[in-house]
Number of protein chains: 2
Amino acid sequence: MLNSYSSADKVLLAVDCIIFGFDNDGLKILLIQRDFEPEKGKWSLIGGFLKRDEVLDAAATRILNTYTGLNDIYMEQLHAYSEIDRDPVERTISVSYFALINIENHNAELIQNYHAEWFPINDAPNLIFDHNEMVQNAIKRLRYKTSVKPIGFELLPEKFTMRQLLELYEAILSKELDKRNFISKINSLEILNKLEEKDMQSSRKGSYLYTFNKEKYEEKLLNNFVLNL
Amino acid sequence: MLNSYSSADKVLLAVDCIIFGFDNDGLKILLIQRDFEPEKGKWSLIGGFLKRDEVLDAAATRILNTYTGLNDIYMEQLHAYSEIDRDPVERTISVSYFALINIENHNAELIQNYHAEWFPINDAPNLIFDHNEMVQNAIKRLRYKTSVKPIGFELLPEKFTMRQLLELYEAILSKELDKRNFISKINSLEILNKLEEKDMQSSRKGSYLYTFNKEKYEEKLLNNFVLNL
DNA sequence: TTATGTAAGTGTAAAATCTACATTAATAAA
DNA sequence: TTTATTAATGTAGATTTTACACTTACATAA
């Protein structure tokens, strides 16, 4: 009968995580060398199976933590992938999640048994199964998100310069942005605190450091804004 | 062991369909009275279980067809819902899909055994499980989509008036739009054919009918455009 | 101490887009 | 032929977006 629960097929449900990070070399994703068959040794997204007593969001968090030691990372669901043979061992539907993290803040945690490794998004190895497709879709979503949320603060150190922010957005959107227009658009959001302090690494003159003003940000979020860069 | 396939839990995977339609009374969704337990007789989205040899997109199409006779409806995946007790019988993860259809074109098919029924989105019955939430999220997505794709053509008859198109967008966005500005923005997309023919139903003067120019539309889609209404 | 090189910081004018708004036109029905 | 009803149409002002170049601050080297 069409709708009896008992006759319905059960499947494995997996979660795969696309973790974006940013440092001075640009936008990166976190990959691992798969430590079990099939495709053992090949590069892969961080992933695992959903447990019976677990919601998908929790599974994503747990899996990320297992492989990287990372905690309290906000992740967002993206898409369910269900091609019949996407996993050759057994029928497995996978739900992708993505997150943004600050590479420097988390490097310590990442040096673990499962050697997770950062790769530039434009120079990553070929991935197993349909993981390449998952990554491409995640990049699309990330780009879209720049226009409706001021993302990027997760990806930068606590104190950052305008140049760093600019370069982050350029990396995400993969296009050049006009420096002055970018700064005035960001300033018009009024979600940054300009510090007295300067970063002296980048130039003789030094450039002002900013922090992200979380309260004003939360305020902004209530009235959905749009940021056209 | 963490990653053995054999020890991983299997779950039921369902698909639920949010079908939007439009007629002179506004924007509607298609619901059915559930014909099996639990919650038999209550209103529900059209849904069913994924089969072992089926991809999610195909399941969505099959399920819609089973309950409504509708064919060749393009559906889009939205989100996976995984709360532990969302279905009281058994752990079931559900992936929602949404579609837009033209009510008048399809009314005949809908008069079937499973009495599917249209409800205005603002005056629909309470739904089982987490289906209310699914609908709300689908409405959000539909609104978003108006700004990046000229949707709505699926929802209207082949020949339609500007007023119908305007009212459709007003229903989706649930706000009033300025008629002249709307028309000029739509015209600037250059995806409509203005016919010689007029619709004489609505007024003494009659209003020009339009059709949707599919070729120009496909062309437009290549360069992602934005439509701010 | 002075000169030099480097990236930071800053404003504006022109163009494009968006918004608000009211009158005339066409026709059927009375 | 008058009347009533909805369709069709354009523009000026406001706002937003874009393109663009010079000065400033400071460390380093001469």
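Letters go in sequence order (proteins before strands), and every chain restarts at 1.
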Please tell me if the side chains of A:Val226 and B:Asn228 come closer than 4.5 Å, counting only heavy atoms from C-beta onward.
-> no
Kindly indicate, with the supporting measurements, whether the criterion ring-ring contact (aromatic ring centres under 6.0 Å, His included) is fulfilled by B:Phe22 and B:Phe160.
-> CA-CA 12 Å; B:Phe22 186 73; B:Phe160 53 87; over 10 Å; no
Per-nucleotide protein contact string for nucleotides 6-18 of chain D (B base, S sugar-phosphate only, - none; heavy atom under 4.0 Å) | BBBBB------SB
If I take atom [atom1] in residue [X] and atom [atom2] in nucleotide [N], what distance separates them, rounded to the nearest angstrom?
X        : N      : atom1 : atom2 : result
A:Leu195 : C:dG9  : CG    : C1'   : 16 Å
B:Asp199 : C:dT27 : CG    : C1'   : 13 Å
B:Phe225 : C:dA16 : CZ    : C1'   : 19 Å
A:Gln201 : C:dA8  : CD    : P     : 12 Å

Mind checking the CG-CG spacing from B:Leu168 to B:Leu173? Nearest 0.5 Å is all I need.
-> 9.0 Å
Roughly how far, to the nearest 0.5 Å, is CE of A:Met134 from OH of A:Tyr81?
-> 6.0 Å
Report, as yes or no, whether the 6.0 Å neighbourhood of atom CZ on A:Phe119 holds more than 12 heavy atoms from other residues, nucleotides or ligands.
-> yes
Shortest non-hydrogen contact from A:Glu197 to A:Lys159?
-> OE1-NZ, 2.9 Å
